[in-house]
Amino acid sequence: MNLRKELTNFLNLCFIFSGAFMFWKGLSIITNSESPIVVVLSGSMEPAFHRGDVLFLWNKNKYNNIGDIVVYEVEHRQIPIVHRVLREHKNRKGEQFLLTKGDNNNGNDIPLYAPGKKYLQKSTDILGTVKGFLPQVGYVTIWVSENKNNAYLFYGLMAIAALFFNN
Amino acid sequence: MFSLNQRFQTVINAAITYAIFIIFLIITLFHFQLYVENNITETVKVNNLNIIKPILNLRTSRMFGGSGKFPKENLRIKFDLNTDLSPLFTWNTKQVFVYLTGAYNSTSTSSSEVTFWDKIITDKKNADLDLHAVMGKYSVWDKQNGFSNKDLQLKLHWNIQPFVGNLIFGEAVMSNSGDILHIPAKEQKTNGTA
């Protein structure tokens, strides 16, 4: 047992985590989005997007075009929703209001919005607009987050790997 | 020297580098094929768009923009459409989403665009559209006013979802100048609820 070596290992581990965190936050600043990369969780945009697909978002645009695929979060619900802009209305003050719908859903999203809300506001409700797409790569995160045992297994393996494989 | 950890890292690094390179290659080739070979900015055009009739209805349901006391004017359109979207299909096209919209000014200071009809096309064989007397999918209401006596600029947009890469948006070229739709005022009825 070499204390200096163990401490170096621990420091390396910290370095990896802080690096990942900095990368994520840096990307947030560049794209102006809270979460610049999201994983699709539902099938409401099939066949365009399936569960586990990874989407890259951009949020520096002032307005959304009609037909854009946007990601929004309903207040008090932590699940980001990926749907397409069906209608857009700009008012006199230059604020934009959006009505969205999933390609694979029959109706529009009004029932999904917060009670009493009929439109999303571009400046406050939208997390980002989908620009790019990678298929299926995000399935790991779904697999980890939807089953507790999987999560323990995943983090356990990570911890073991970090302890044993650091030189 | 050659620990398992080092090898693992080398392999992962190489895999990620190659993956990024391949993805960029795919995106470049895809764009080249669409914009140069298929020349989609000019070849994708609307051969015929004929609005048979705009249908105005007053609706009170919250699901159609109304509220008990204030019914909303809802608009649907019935139309013919002929357009060939097959140039949008290449080996990296997963689906094309095509949508017919109308842009208008709700008031003199506010602008809007709404979708009347859309369609998902996943196969090149179905990309040559020839529709007759189709009813628009959506019953549309405006956020502020109604549609009576408004002029709508009709547009046919398309959106390509690739198997991998960035989403591509565009607008089909309108061939005839009759793409402005004038909505006549709705004739007054005594019990105007639907």
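Quick note on labels: first sequence line is chain A, next is B, and so on, each numbered from 1. Please read all numbers here as calculations on a predicted model, not as lab measurements.
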Correct closest heavy-atom pair for A:Asn91 and B:Ser110 would be CA-CB, 3.8 Å
If you compare all heavy atoms of A:Asp68 against all heavy atoms of B:Phe169, which two are closest, and at what distance to 0.1 Å?
OD1-CZ, 3.7 Å
Path from B:Val114 to A:Val85 over hydrophobic side-chain contacts below 4.5 Å
yes
Surrounding CD of A:Glu34 (heavy atoms of other residues, nucleotides or ligands, distance under 6.0 Å), is the total greater than 12?
no
The reported gap from NZ in B:Lys143 to OH in A:Tyr119 (rounded to nearest 0.5 angstrom) is 6.5 Å
B:Lys94 atom NZ, over 12 foreign heavy atoms within 6.0 Å
yes
Indicate if B:Trp117 and B:Val46 have the same hydrophobic cluster label, given that clusters are the connected sets of ILVMFWY residues with side-chain heavy-atom separations under 4.5 angstrom.
yes
Hey, is NZ on A:Lys118 packed in by over 12 heavy atoms from elsewhere, all under 6.0 Å?
yes
For B:Tyr35, does the OH atom have more than 12 heavy-atom neighbours from other residues, nucleotides or ligands under 6.0 Å away?
yes
Can you tell which part of B:Tyr104 gets under 4.5 Å to a heavy atom of chain A, answering side chain, backbone, both or neither?
side chain
Is there a path of hydrophobic side-chain contacts, each under 4.5 Å between heavy atoms of I/L/V/M/F/W/Y residues, joining B:Leu154 to B:Val134?
yes
Exceeds 12 heavy-atom contacts within 6.0 angstrom, atom CZ of A:Arg92
no
Sort A:Phe56 into side chain, backbone, both or neither according to what part of it lies under 4.5 angstrom from a heavy atom of chain B.
neither
For B:Leu167 and A:Val130, which heavy atoms make the closest approach, and how far apart are they?
CD1-O, 3.7 Å
With only heavy atoms counted, which part of A:Lys131 is less than 4.5 Å from chain B, the side chain, the backbone, both or neither?
backbone
A:Tyr152, OH atom: more than 12 neighbouring heavy atoms under 6.0 Å
no
Quick check: are there more than 12 heavy atoms from other residues, nucleotides or ligands sitting under 6.0 Å from CG of A:Asn106?
no
Relative to chain B, which segment of A:Lys93 carries a heavy atom at a distance below 4.5 Å: side chain, backbone, both, or neither?
neither
Closest heavy-atom pair, A:Arg87 versus B:Thr115, reported as atoms and distance to 0.1 Å, is CG-N, 4.2 Å
Grab the two heavy atoms, one from B:Phe163 and one from A:Phe133, that are nearest each other, plus how far apart they are.
O-CE2, 3.0 Å
I'd like to know which of B:Gln161, B:His157, B:Glu113, B:Lys137 tops the heavy-atom pair count under 4.5 Å against chain A.
B:Glu113
Bottom line for A:Asn108: the part with an atom under 4.5 Å from chain B's heavy atoms is side chain
With chain A, which of B:Asp142, B:Thr122, B:Ile27 has the greatest number of heavy-atom pairs at distances under 4.5 Å?
B:Asp142
Separation of A:Ile69 CD1 from B:Asn159 CG (nearest 0.5 Å)
5.5 Å
Distance in Å, B:Trp141 CH2 paired with A:Leu99 CG, rounded so as to fall on 0.5 Å steps:
6.0 Å
B:Phe8 portion near chain A, given a 4.5 angstrom heavy-atom threshold:
neither
Rounded to the nearest 0.5 Å, what separates atom CD in A:Glu88 from atom OG in B:Ser111?
6.0 Å
Just wondering, are more than 12 heavy atoms of other shown residues or ligands nearer than 6.0 Å to NZ in B:Lys125?
no
Do B:Phe89 and B:Trp158 share a hydrophobic cluster, counting only Ile, Leu, Val, Met, Phe, Trp and Tyr and linking them when any side-chain heavy atoms are less than 4.5 Å apart?
yes
Which atoms of B:Ile168 are under 4.5 Å from chain A, going by heavy atoms: the side chain, the backbone, both sets, or neither?
neither
Of the non-hydrogen atoms in A:Leu86 and B:Asp118, which two are nearest, and what is the gap between them?
CD1-OD2, 4.3 Å
